[in-house]
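Let me begin by presenting the structure, written as structure tokens, before commenting on it.
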Amino acid sequence: LGNKMDGWENILFSPISALHLSKIIGEIIKEDITGLYNIGCSNECNKYDFVNFVCKAVGLETEISKTHLVDDSLRPYNTVLDCSKFFTLSKMDMTWEDDLDNYISSMPDFPIKLFNN
């Protein structure tokens, strides 16, 4: 389709879908878990891998360039969360790939025709 975007290999994070986060919050309430915990996926990824996975999953033909974000004083390069403390209490850990796959498969068909205009 001629879509192009940058995929930053040096920006790392531990994404979690709102769907999975809401299930975790429900579990916290149900099990009366108290304390301060990081919540995210059980593994990390970079922005390149994430956007590549999303585009393939929704059938969007996109040219994604592997790049590095440089000189960005507004955001940290690594926002990966250590969620192991919470995962020792709960069996709700999930990889970002599984979480994103579950999220995308629950969505209606992606309207690719919007990008053809």
Side-chain angles (χ1 to χ4, degrees):
L1 295 174
N3 297 309
K4 295 181 181 183
M5 66 176 71
D6 289 338
W8 301 318
E9 289 186 293
N10 64 328
I11 305 297
L12 303 173
F13 68 129
S14 46
I16 185 169
S17 69
L19 180 63
H20 190 59
L21 180 59
S22 66
K23 290 177 182 178
I24 288 175
I25 291 169
E27 180 74 8
I28 289 170
I29 293 168
K30 177 181 158 197
E31 297 297 323
D32 197 26
I33 297 172
T34 60
L36 184 62
Y37 302 94
N38 291 326
I39 303 294
C41 64
S42 59
N43 61 339
E44 67 184 55
C45 69
N46 60 44
K47 296 285 184 167
Y48 172 81
D49 291 334
F50 187 82
V51 74
N52 194 37
F53 188 98
V54 170
C55 289
K56 286 182 180 178
V58 298
L60 186 61
E61 295 178 26
T62 305
E63 181 182 326
I64 305 166
S65 300
K66 287 184 179 181
T67 61
H68 281 75
L69 185 63
V70 293
D71 298 329
D72 187 344
S73 60
L74 296 177
R75 73 180 87 199
Y77 294 115
N78 186 334
T79 59
V80 175
L81 299 174
D82 178 0
C83 304
S84 58
K85 181 179 172 183
F86 177 75
F87 294 146
T88 60
L89 299 174
S90 170
K91 301 298 181 204
M92 297 195 73
D93 61 320
M94 185 179 290
T95 66
W96 70 266
E97 297 96 337
D98 288 340
D99 186 24
L100 192 52
D101 190 48
N102 289 340
Y103 180 80
I104 290 172
S105 66
S106 71
M107 292 174 35
D109 289 338
F110 191 74
I112 293 177
K113 62 183 171 230
L114 294 175
F115 293 97
N116 289 331
N117 296 331

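Hydrogens, waters and symmetry mates are skipped; everything else that's a heavy atom, side chains included, is used. What you see is a predicted model; the values in this text were computed from it and never measured.
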Practice prompt. Just jot down the side-chain contact (heavy atoms from CB on, under 4.5 Å) partners of L69, sequence neighbours excluded, or say none.
Written response: W8, N10, I11, D72, R75, Y77
Discussion item. Would E97 and F53 count as a side-chain contact (heavy atoms from CB on, under 4.5 Å) here? Give the steps.
Written reply: CA-CA 8 Å; E97 297 96 337; F53 188 98; 4.1 Å; yes
What's the separation between atom [atom1] in [X] and atom [atom2] in [Y], rounded to the nearest 0.5 Å?
X	Y	atom1	atom2	result
M107	L19	CE	CG	11.5 Å
K66	D6	NZ	CG	13.5 Å
I16	L21	CD1	CG	5.0 Å

Practice prompt. For the pair C55 and I64, evaluate side-chain contact (heavy atoms from CB on, under 4.5 Å) and give the outcome as yes or no after the intermediate values.
Written response: CA-CA 9 Å; C55 289; I64 305 166; 4.3 Å; yes
Discussion item. Is it true that N78 and E44 share a donor-acceptor pair across their side chains at a distance under 3.5 Å?
Written reply: no
Find out whether [X] and [Y] are in side-chain contact, i.e. whether some heavy atom of one side chain is under 4.5 Å from a heavy atom of the other.
X	Y	answer
L89	Y37	yes
N38	F86	no
V51	M5	yes
L100	P15	no
N102	S17	no

Worksheet item: Does a sphere of radius 6.0 Å around NZ in K56 hold more than 12 heavy atoms from other residues, nucleotides or ligands, not counting ones at 6.0 Å or beyond?
Response: no
Worksheet item: Around atom OH of Y103, are there more than 12 heavy atoms of other residues, nucleotides or ligands at under 6.0 Å?
Response: no
